[in-house]
Chemist: 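I am attaching a structure below and will ask some questions about it afterwards.
Protein chains get the first letters and strands the later ones, always in sequence-line order, with residue 1 at the start of each.
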Amino acid sequence: MSYTIFRTFQLHPFLLYPTSILKLQNRFFHSTTIKATQSQQTQTQTKHSTSTQSKKLNNLPKDYEPIIGIETHVQLSTNTKAFCNCPYNYGSFPNTSICPVCMGLPGALPVLNSKVIEFAVKLGLALNCELAFDSKFDRKQYFYPDLPKGYQISQFDVPIASSGFLDVDIPLEYGGGHKRFGITRVHMEEDAGKLLHTENGNYSQVDLNRAGVPLLEIVSEPDMRNGIEAAEYAAELQRLVRYLGVSNGNMQEGSLRCDVNVSVRPIGQSKFGTKVEVKNLNSFASMSRAIDFEIARQVQLHSQGQADQIVQETRSWEEGSQRTITMRKKEGLADYRYFPEPDLPSVILYQEYVDGIKNSLPELPEGKRRRYEKMGLGMQDVLFLANDKNIAEFFDATLAKGADAKLVANWIMSDIAGFMKNEKLTINDIKLTPEELAELIASIKDGTISGKIGKEILFELLAEGGSVKEIIEKKDLVQITDPVEIEKMVDKAIADNPKQVEQYRGGKTKLQGFFAGQVMKASKGKANPGLLNKILLEKLNS
RNA sequence: UGGGAGGUCGUCUAACGGUAGGACGGCGGACUCUGGAUCCGCUGGUGGAGGUUCGAGUCCUCCCCUCCCAGCCA
């Protein structure tokens, strides 16, 4: 595990482990980070084609290039807070989950929750980052009523992970395509409390339950070009943290919060335009809309020769009016007076610890998507299955029982999904097991039952459980494949409905469905549809 | 915008996954006929794109539209 101790112990972790297993990297400072960012910028911009498009952007002048970067805060689902043992549960009564440490009382000392390191390493690895084997915490000083200590414990010049990337498949309806977005850095920090404003606005109250909750901040490279790409990036990040189990990723509870930086520059210009930060994004949809609004606003100012009115500021997305408004102008470069946190020791990782985590990582969304794609599934199927970890696992488990990928996908996406939607259940709640689904598919394949009967059985399995074989036996559902028997029923259907026969022979061939339905009714759905229709056609056309 | 409900002839309303019917309207006709009466006939529809199925209005995904309620929090 990671090795963290108090400075007061007067022990340096280096002394405890041979230096050969320690690796130092990524010791670059903030200013150099920015330079690196800019040089990578031009590469990624030209690499990505403009396959995704937003409607709102279609009417704008085409000679401007938007540049979007995203900062995401993810609340970690640890049992306790980052530096004390208070639990955190969203929605609990204000100030019921606090202690001297997270209240910032004088003399209270933080103790790092090692899960925070574990989760940070997990996410860092999943984002294909380079890890800093020797990093540290820093204090970021600022005053705000929700920050009782007067500073936030964060990481400044040595983030725990940096220089990674995230792969995203854009859904077909948004233009499709595969994109890779750069990750600048991932660092650990703590959340602040929450201010509760009274209705009349006369005063505000502070809830410190959230203070000290561990956060990972993920900063992307400015690789996105429109709202859709940004929203897809954020959605993929949400999938990732859920797959990893490091956060519930719930945007409405604030477990996943995104701020976006938008700038626009004339195409061909190498210098970035003035960057505007947009906050207050409650959903992926609003994120997409906010960005497209902001791009349009800036392009318009540019094309009207009013580029100087784009100033470095923080704007707020207004759901009601669907636009951004100025929240605060950048007050110079806020001087946070970062300095190393003296109450916490360095964070030293060693290779075995990292390897242990690396080996325990689950298969990630991107891996699943590529694997499903190789099986021959279309992108719509791939995304449906891989977007939800539980569905993907159910799918994989069914495949493990030997079922055909496309058939399993079809069953899950149509009838099983329909049942879950109706009953408001997740795939973990249904009584159907992957084993029985595989059995069901096999029974149809070997001809024991028809697909139609398969559907009937499926709904019983979903609601009641049980096994395919039991149900077939109990309800006598083996399909009828005897041509003679089917022929008899077809003859009867034809004899009973002379009027329809006449219509059919007069050209209303759609009535084939009517006759098929009659035979199905007579056979209680057990007639083999293929055979039935073949015989039916022969009879009707003779 | 968010939450909820919904979308089948021009309108209203049906169709265990098995022939898209009915009513009103409109058009045409009949009734020995001045008609706001009656009868007959005709007209005309599953919002869009994919998917599942032997077969889809009905099941799945996305989009569009309508109605109701609510509406701006660091």
Side-chain angles (χ1 to χ4, degrees), chain A residues 55 73 144-147 171-176 191-199 201 204 206-207 210 251-254 257 259 277-283 285-290 293 314-325 327-328 377-385 387-388 391 406-422 444 450-456 458-459 462 479 486 493 497 499-504 506 508-525 527-537:
Chain A
K55 258 186 281 174
H73 292 263
Y144 205 68
D146 59 13
L147 189 72
L172 253 48
E173 54 268 27
Y174 298 130
D191 211 341
K194 193 173 169 58
L195 291 183
L196 307 166
H197 305 285
T198 50
E199 274 177 34
S204 299
V206 189
D207 173 13
R210 204 177 65 180
M251 276 183 113
Q252 278 167 357
E253 292 178 10
R257 308 195 286 270
D259 302 336
E277 183 176 3
V278 183
K279 290 193 175 229
N280 200 19
L281 308 172
N282 302 322
S283 68
S286 71
M287 182 171 168
S288 174
R289 281 191 298 266
F293 173 88
T314 300
R315 298 178 69 88
S316 174
W317 173 248
E318 301 293 298
E319 278 298 82
S321 52
Q322 294 286 290
R323 60 200 185 95
T324 62
I325 60 166
M327 196 153 97
R328 56 170 179 255
L377 297 179
M379 190 46 65
Q380 196 187 351
D381 299 15
V382 168
L383 291 179
F384 187 99
L385 297 168
N387 281 354
D388 184 312
I391 288 180
K406 179 60 180 161
L407 292 178
V408 179
N410 288 347
W411 283 99
I412 292 178
M413 292 197 310
S414 55
D415 295 287
I416 297 176
F419 179 81
M420 293 192 299
K421 198 170 86 168
N422 262 312
I444 295 169
S450 66
K452 185 185 166 65
I453 294 293
K455 215 163 268 204
E456 268 180 50
L458 178 79
F459 284 108
L462 284 168
Q479 76 172 326
I486 291 177
N497 300 285
K499 204 169 168 183
Q500 278 80 2
V501 175
E502 197 181 318
Q503 286 175 15
Y504 178 90
K508 196 170 175 183
T509 52
K510 254 172 66 180
L511 286 178
Q512 183 190 343
F514 165 74
F515 290 106
Q518 297 303 309
V519 177
M520 278 297 178
K521 203 188 272 180
S523 69
K524 292 177 187 152
N528 174 291
L531 204 51
L532 154 62
N533 277 303
K534 184 167 162 269
I535 294 172
L536 182 61
L537 272 181

Chemist: Both A:Gly193 and A:Ala417 contact RNA chain B. Taking the nearest nucleotide for each, which residue is further toward the 5' end?
Modeler: A:Ala417

Chemist: Give one of base, sugar-phosphate or nothing for A:Tyr144, where a contact means two heavy atoms less than 4.0 Å apart.
Modeler: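 Base contact.
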
Chemist: With the side chain counted from C-beta on, respond yes when A:Gln479 and A:Ser523 share a heavy-atom pair under 4.5 Å apart, and no when they do not.
Modeler: no

Chemist: Where do N or O atoms of nucleotides 53-56 of chain B meet protein N or O atoms at under 3.5 Å, pair by pair?
Modeler:
from: B:C54; atom 1: O2; to: A:Asn533; atom 2: ND2; distance (Å): 3.0

Chemist: Treating a pair as Watson-Crick (purine N1 to pyrimidine N3 plus N6-O4 or O6-N4) or G-U wobble (N1-O2 and O6-N3) with both distances under 3.5 Å, list the stems of 3 or more consecutive pairs that involve RNA chain B.
Modeler: B:1-7 with B:64-70, B:10-13 with B:21-24, B:25-30 with B:38-43, B:47-51 with B:59-63

Chemist: When the C1' atoms of B:C12 and B:G6 are considered, how many whole Å apart are they?
Modeler: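 These two C1' atoms come out 16 Å apart once rounded.
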
Chemist: Send over the distance from A:Leu385 CG to B:C60 C1', rounded to a whole Å.
Modeler: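 In whole Å, B:C60 C1' and A:Leu385 CG are 12 Å from each other.
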
Chemist: Just to verify, what does A:Ser286 make a side-chain hydrogen bond (donor to acceptor under 3.5 Å, both in side chains) with, not counting sequence neighbours?
Modeler: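 side-chain hydrogen bond (donor to acceptor under 3.5 Å, both in side chains) check on A:Ser286 returns A:Ser283.
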
Chemist: Only distances under 3.5 Å count here; give the side-chain donor-acceptor pairs of residues 508-516 of chain A to other protein atoms, sequence neighbours excluded, each with its distance to 0.1 Å.
Modeler:
from: A:Gln512; atom 1: NE2; to: A:Asn533; atom 2: OD1; distance (Å): 3.0

Chemist: Rounded to whole Å, please give me the gap between CE in A:Met413 and P in B:G51.
Modeler: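 About 11 Å, once rounded to whole Å.
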
Chemist: Check the distance between B:G2's P and A:Met287's CE and give it to me in whole angstrom.
Modeler: 15 Å

Chemist: Donor-acceptor pair, A:Arg210 side chain versus A:Ala192 backbone, under 3.5 Å?
Modeler: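 Yes, A:Arg210 side chain to A:Ala192 backbone: donor-acceptor pair under 3.5 Å.
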
Chemist: Can you pull every protein N or O that's under 3.5 Å from an N or O on nucleotides 66-72 of chain B?
Modeler:
from: B:C72; atom 1: O2; to: A:Glu318; atom 2: OE1; distance (Å): 2.7

Chemist: Using atom CD of A:Gln500 as one end and atom P of B:A20 as the other, report the distance to the nearest whole Å.
Modeler: 11 Å

Chemist: At what distance, to the nearest 0.5 angstrom, does CG of A:Leu462 lie from CG of A:Asn422?
Modeler: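 Here the interatomic distance stands at 11.0 Å.
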
Chemist: Can you find a donor-acceptor N/O pair under 3.5 angstrom joining the side chain of A:Gln322 to the base of B:U1?
Modeler: no

Chemist: Does B:C60 have OP1 or OP2 sitting under 4.0 Å from an N or O in the side chain of A:Lys421?
Modeler: yes

Chemist: Say you pick atom C1' in B:G25 and the same atom in B:G50; how far apart are they, in whole Å?
Modeler: 37 Å

Chemist: To the nearest Å, how far apart are A:Leu377 CG and B:U52 P?
Modeler: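 Those two atoms, CG and P, are 12 Å apart.
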
Chemist: Classify the nucleic acid contact of A:Gln380 as base, sugar-phosphate or nothing, counting any heavy atom under 4.0 Å across all strands shown.
Modeler: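 Base contact.
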
Chemist: OG of A:Ser204 to CG of A:Leu196: how many Å apart, nearest 0.5 Å?
Modeler: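 If we round to the nearest 0.5 Å, A:Ser204:OG and A:Leu196:CG are 8.0 Å apart.
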
Chemist: Evaluate the side chain to side chain contact (heavy atoms under 4.5 Å, CB included) criterion for residues A:Gln380 and A:Glu173: first the C-alpha distance (whole Å), next the side-chain angles of each, then the deciding distance (0.1 Å), finally the verdict.
Modeler: CA-CA 10 Å; A:Gln380 196 187 351; A:Glu173 54 268 27; 6.0 Å; no

Chemist: Roughly how far apart, to the nearest Å, are B:G45 and B:G29 at atom P?
Modeler: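 Per the computed distance, 23 Å lies between those P atoms.
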
Chemist: Hey, is the side chain of A:Tyr174 poking within less than 4.0 Å of OP1 or OP2 on B:C63, counting only N and O atoms?
Modeler: yes

Chemist: Looking at side-chain heavy atoms only, is the closest gap between A:Asn282 and A:Trp317 below 4.5 Å?
Modeler: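 Counting from C-beta outward, A:Asn282 and A:Trp317 never come under 4.5 Å.
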
Chemist: Measuring only between side-chain heavy atoms, which start at C-beta, is A:Leu532 closer than 4.5 Å to A:Met520?
Modeler: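 The answer is yes; the side chains approach within 4.5 Å.
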
Chemist: Say we look at B:A15 and B:G57: how far apart would their P atoms be, to the nearest angstrom?
Modeler: 15 Å

Chemist: Looking only at atom C1', what distance separates B:C27 and B:G10, rounded to whole Å?
Modeler: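 Pairwise C1' distance, B:C27 against B:G10, rounds to 13 Å.
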
Chemist: Please round to the nearest 0.5 Å and tell me the distance separating atom CD of A:Glu456 and atom NZ of A:Lys524.
Modeler: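 Answer rounded to 0.5 Å: 11.5 Å.
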
Chemist: Given A:Leu385 and A:Leu377, is the side chain to side chain contact (heavy atoms under 4.5 Å, CB included) satisfied, shown in steps?
Modeler: CA-CA 10 Å; A:Leu385 297 168; A:Leu377 297 179; 3.8 Å; yes

Chemist: As an exercise, state the distance from CG of A:Asp259 to CD of A:Glu277, rounded to the nearest 0.5 Å.
Modeler: 5.0 Å

Chemist: Distance between the C1' atoms of B:U53 and B:U58, in whole angstroms?
Modeler: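 My reading of the C1' atoms in B:U53 and B:U58 gives 13 Å.
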
Chemist: Whole angstrom is fine here: how far is it from CD1 in A:Ile416 over to P in B:C60?
Modeler: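 After rounding, the gap between these two atoms is 13 Å.
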
Chemist: A:Glu173 CD to B:G48 P: how many Å, rounded?
Modeler: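 After rounding, the gap between these two atoms is 19 Å.
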
Chemist: Between A:Lys510 and A:Arg210, who's closer to the 5' end of RNA chain B by nearest nucleotide?
Modeler: A:Lys510

Chemist: Taking only the P atom of each, what is the distance from B:U38 to B:C24 in whole angstrom?
Modeler: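 It works out to 9 Å between them.
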
Chemist: Tell me the interatomic distance from A:Arg289, atom CZ, to B:G2, atom C1', rounded to whole angstroms.
Modeler: 9 Å

Chemist: Please report the distance separating the P of B:C42 from the corresponding atom of B:A5, rounded so that it comes out in whole Å.
Modeler: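 Pairwise P distance, B:C42 against B:A5, rounds to 41 Å.
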
Chemist: Residues in salt bridge (charged side-chain N to carboxylate O under 4.0 Å, His left out) with A:Asp381, at least two apart?
Modeler: A:Lys406

